[in-house]
Amino acid sequence: MFQVTPLLRLAVAAAAACAAAVASSATGPVTAYAAGTAGAATSVAAVADATSLASLAPPPVREEDRVSGDHLTVTVRRAGGRANGTFELYCHPGGGSHPDAGSACRAVDRNTRWGRNAFAPAPADGICTMRYGGPATAHVTGRWAGRPVDATYDRSNGCQIERWDRLVPLLPDLRPAAR
């Protein structure tokens with residue numbers, strides 16, 4: 001979060017220096033300007049001594065702001081075999097414990113659009129086919145494109161299956177093999 005306090009202190013110090021420079025001139029602001037910046041520099045130095053430069057320093061960076069790139073934690077259950085588990089995914093640059101980190105990052109990038117949440121739930125008023133895709137569930141948390149992510153996935157109907165399949169290989173590919 002942007003903090004105004006250090007900037008406010010700087011603005012007050014600059015205003016005080018200008019006021020001191022004008023006040024030190026006997027004939028007003030025009031003479032103070034024409035006299036050059038020597039008087040103003042002395043006034044600024046006096047204000048800087050009065051207001052320590054340490055108080056003008058920006059606030060320390062918060063831990064959540066230190067994270068660079070995108071990071072997701074994917075937990076998959078009841079998908080069968082090695083697809084089950086918890087995987088870390090780092091993108092931009094890519095890495096982590098996900099079995100296919102590069103392709104997973106590209107899958108999420110492909111679904112990321114300005115103004116739309118790539119992890120948004122299926123619309124509540126959507127018309128979904130009544131097919132069952134199995135008991136698999138997934139939970140995705142972390143940060144993507146600077147925004148927090150906390151999304152759950154299942155394969156309980158056509159809308160949920162399509163939502164899952166859109167993020168393959170971030171989520172395991174559970175589509176039936178072509179015959």
Side-chain angles (χ1 to χ4, degrees), residues 1-14 54-179:
M1 178 78 186
F2 180 71
Q3 293 187 1
V4 179
T5 306
L7 293 177
L8 184 59
R9 288 183 189 146
L10 181 62
V12 169
S55 67
L56 297 178
V61 177
R62 298 179 305 175
E63 189 59 38
E64 62 265 23
D65 293 335
R66 291 180 195 269
V67 177
S68 64
D70 297 314
H71 171 247
L72 298 173
T73 302
V74 181
T75 302
V76 179
R77 293 195 170 92
R78 295 188 301 275
R82 295 185 336 185
N84 290 330
T86 299
F87 308 99
E88 298 291 323
L89 177 67
Y90 294 90
C91 299
H92 314 113
S97 63
H98 192 281
D100 191 1
S103 295
C105 291
R106 285 190 294 279
V108 181
D109 278 337
R110 182 178 59 242
N111 287 288
T112 301
R113 304 277 187 282
W114 181 257
R116 290 184 52 203
N117 181 357
F119 303 95
D125 59 349
I127 300 172
C128 305
T129 59
M130 294 181 62
R131 68 183 174 161
Y132 181 66
T137 62
H139 187 206
V140 180
T141 59
R143 292 188 76 72
W144 186 264
R147 296 186 141 174
V149 173
D150 188 357
T152 56
Y153 292 83
D154 63 40
R155 298 178 62 82
S156 60
N157 62 40
C159 294
Q160 297 298 333
I161 293 170
E162 191 274 329
R163 182 172 170 248
W164 179 295
D165 289 347
R166 212 176 30 237
L167 289 178
V168 167
L170 174 69
L171 304 177
D173 190 353
L174 301 177
R175 295 175 282 201
R179 296 179 197 223

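Using a 30° and 60° split on the angle between ring planes, Phe119 and Trp144 fall in the perpendicular class, above 60°.
Nearest heavy-atom pair across Gln160 and Arg155 is CB-CA, 4.3 Å. In this structure, Ala122 and Cys159 approach most closely via the heavy-atom pair CB-CB, 4.1 Å. Between Phe87 and Arg82 the shortest heavy-atom distance is CZ-O, 3.9 Å. Between Asn111 and Ala118, the shortest heavy-atom contact is O-CB, 3.5 Å. Scanning both residues, Leu170 and Ala104, for their nearest heavy atoms gives CA-CB, 3.8 Å. Nearest heavy atoms, Ala79 versus Pro172: CB-CG, 4.3 Å.
Residues Asn117 and Arg147 fail the side-chain proximity criterion, which asks for heavy atoms closer than 4.5 Å. Looking only at side-chain heavy atoms (C-beta outward), Leu171 and Val140 come within less than 4.5 Å of each other. The closest side-chain heavy-atom distance from Ser97 to Tyr90 is not below 4.5 Å. You'll find the side chain of Leu72 stays beyond 4.5 Å of the side chain of His98, heavy atoms only. Within the 4.5 Å cutoff, the side chain of Val76 has heavy atoms near those of the Val74 side chain.
Considering only residues two or more places apart in sequence or on other chains, Asp150 meets the side-chain hydrogen bond (donor to acceptor under 3.5 Å, both in side chains) condition with His139. Under the side-chain hydrogen bond (donor to acceptor under 3.5 Å, both in side chains) criterion, Arg77 pairs with no residue, sequence neighbours left out.
Note that OG of Ser156 and CE of Met130 are 11.0 Å apart. Values are rounded to the nearest 0.5 Å. How far CH2 of Trp164 is from CG of Asp173: 10.5 Å, rounded to the nearest 0.5 Å. Here the CZ atom belonging to Arg106 is positioned 9.0 Å from the CG atom belonging to Asp109, to the nearest 0.5 angstrom. Atoms NE2 and CG, from His71 and Leu89 in turn, are 8.0 Å apart once rounded to the nearest 0.5 Å.
Between the side chain of Arg78 and the backbone N or O of Gly134, no donor-acceptor pair lies under 3.5 Å.
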